[in-house]
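Taking it in order: structure first as structure tokens, then the write-up.
The figures that follow rest on heavy atoms only: side chains count, while hydrogens, waters and symmetry mates do not. Quick caveat, the model's predicted, so the values are computed rather than measured. Sequence positions, counted from 1, serve as the residue numbers for this chain.
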Amino acid sequence: MRTRGAVLREAPGRYEVVELDVDDPRPGELRVRMVATGLCHSDDHYATGDQVAPILPFAGGHEGAGVVDAVGPGTAGFAEGDHVVFSFLPSCGKCRFCAHGMQNLCDLGASLGTGARWDDPASFRLALDGAPVGQMCGLSTFCEYTTVSTASAVKIDKDVPLEIACLTGCGVGTGWGAAVNSAAVRPGQVVIVMGIGGIGINAVQGAAHAGAAAVIAVDPVELKRESALRFGATHAVEDIREAAGLARSMTGGQGADAAIVTVGVTLGSHVGAALRAIRKGGTTVVVGLGDVRSHEGDIPLMELVLYQKRLQGSLFGASAPSADIPAQLELWRRGALKLDELITTRYTLDQVARGFDDMHAGRNLRGVIVF
């Protein structure tokens with residue numbers, strides 16, 4: 001069938017809306033009518049060239065929710081009309097990592113960089129004028145209709161608004177999990193969150209929910225600092241040096257228990273500054289990505305070793321999406337997790353490029369395309 005979707009024709013470049021062909025679902029696949037999708041910095045990394053698209057044209061979008069329009073032959077567990085949130089990382093349920101509850105590290109993730117079907121690298125679910133189009137994370141949620149693997153779909157209750165449910169497919173779980181899982185924040189601790197965008201604001205929520213006595217938000221943009229205070233931060237400052245000084249003033253000079261780096265374009269200098277801001281035996285969690293070809297670094301090796309500091313990467317907040325997405329939506333029902341308030345601006349599909357301009361200008365916590 002035909003659908004409209006936003007693609008990159010070149011990189012660096014801008015997303016533009018075109019007419020695409022989308023495959024009917026095969027066994028183990030679903031075709032989904034998209035209802036809402038978040039505008040995440042990961043999509044922008046492909047537009048700027050910080051990450052390299054496996055094939056151009058490339059259809060973006062990976063944080064989405066919609067309604068099942070068609071189910072592939074012999075595909076169990078889903079029916080037309082089901083509401084689903086996409087997990088930008090698939091889960092096979094069978095590999096070593098899935099078996100140990102680490103679905104975010106599922107072996108299927110190794111194939112996401114191809115833009116094609118994971119089991120058939122020469123087969124693409126989208127096409128433009130007969131030429132194959134790569135799928136972002138096997139999803140491409142910037143399309144009105146998209147065909148995906150069931151390994152990427154989590155069925156949710158139909159009474160949850162899909163405009164807010166879509167956020168749990170990346171930003172919420174990544175930020176929340178960075179604090180709760182990767183940093184293992186405990187009651188009474190002091191936590192720094194560096195970079196208050198769609199990920200960082202949820203790291204603030206997660207740290208506050210875990211019982212941190214102080215959550216220090218760091219961002220040069222006033223809107224984001226003010227927002228952090230509404231989402232659970234106790235302090236909000238412009239730079240990491242001020243945050244580190246605050247943390248030391250609260251801990252007898254030791255430093256923060258944890259620092260979480262969620263800067264949109266992360267540099268080695270951000271990581272080094274965060275490591276310097278934590279106490280002996282503390283944890284720095286790195287969530288943000290930058291230019292994937294860069295090897296620039298600024299790690300204080302003496303502190304890392306002699307102060308037994310911990311440097312921890314965090315992919316999707318070390319979450320198990322098939323369990324954590326429904327759990328986060330239940331927290332929202334109970335008023336323990338803010339989702340509606342995360343959405344700063346709603347856009348149409350045709351406004352996708354404007355949405356990323358607003359992201360660069362610091363106007364949004366999260367922009368959402370509503371179809």
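- Counting heavy atoms of neighbouring residues, nucleotides and ligands inside a 6.0 Å radius, atom CZ of Phe371 exceeds 12 of them.
- Asp298 and Ser269 form no side-chain donor-acceptor contact under 3.5 Å, judged by distance and modelled atom types alone.
- Side-chain atoms of Thr147 never come within 3.5 Å of backbone atoms of Asp24 as a donor-acceptor pair (strictly under, hydrogens ignored).
- No donor-acceptor distance shorter than 3.5 angstrom exists from the side chain of Ser123 to the backbone of Asp120, with no hydrogens or angles considered.
- The two residues Ala277 and Ala244 have their closest heavy-atom pair at CB-CB, 3.7 Å.
- Within 6.0 Å of the CG atom in Asp340, the count of heavy atoms belonging to other residues, nucleotides or ligands exceeds 12.
- Applying the side chain to side chain contact (heavy atoms under 4.5 Å, CB included) test between Cys143 and each of Leu126, Val22, Val7 identifies Leu126 as the sole match.
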Please determine whether side chain to side chain donor-acceptor pair (under 3.5 Å) holds for the pair His83 and Asp157, giving the CA-CA distance in whole Å, both sets of side-chain angles, and the decisive distance to 0.1 Å. CA-CA 7 Å; His83 287 199; Asp157 293 338; over 6 Å; no
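- Counting heavy atoms from C-beta on, the side chains of Arg125 and Arg26 never come closer than 4.5 Å.
- Ion pairing of Asp159 with Arg333 is present here, as a side-chain N (NZ or NE/NH1/NH2) and a carboxylate O approach within less than 4.0 Å.
- Taking the six-membered ring for Trp and thresholds of 30 and 60 degrees, His41 and His360 have ring planes more than 60 degrees apart, a perpendicular arrangement.
- Of the possible donor and acceptor atoms, none in the side chain of Glu226 sits under 3.5 Å from a partner among the backbone N and O of Leu223.
- The residue from Trp176, Trp332, Phe231 that alone fulfils the ring pair (Phe, Tyr, Trp, His ring centres under 6.0 Å) condition with His209 is Trp176.
- No more than 12 heavy atoms of other residues, nucleotides or ligands sit less than 6.0 Å from atom CZ of Arg241.
- For the pair Ser319 (side chain) and Gly177 (backbone), a donor-acceptor distance under 3.5 Å is absent.
- Residue Asn104 holds its CG atom at 9.5 Å from OG of Ser91, rounded to the nearest 0.5 Å.
- Residues Pro300 and Lys309 form no side-chain contact, since every pair of their non-hydrogen atoms from C-beta on lies 4.5 Å or further apart.
- With contacts defined as side-chain heavy-atom distances shorter than 4.5 Å, the pair Leu20/Val133 qualifies.
- Checked by atom type, the side-chain pair Ser322/Gln103 shows a donor-acceptor distance below 3.5 Å.
- More than 12 heavy-atom neighbours from other residues, nucleotides or ligands sit within 6.0 angstrom of CD on Glu19.
- Environment of CZ in Arg96: sparse, with no more than 12 heavy atoms of neighbouring residues, nucleotides or ligands closer than 6.0 Å.
- Side chain of Asp219 to main chain of Ile196: a donor-acceptor pair is present (N/O by atom type, distance under 3.5 Å, no hydrogens or angles).
- Looking at heavy atoms from C-beta onward, Asp69 lies out of side-chain contact with Val32 at the 4.5 angstrom threshold.
- Side-chain N or O atoms of Thr283 include none that pairs as donor or acceptor with a backbone N or O of Arg310 at under 3.5 Å.
- Screening Phe58, Tyr15, Phe142 against Tyr46 for a ring pair (Phe, Tyr, Trp, His ring centres under 6.0 Å) leaves a single residue, Phe58.
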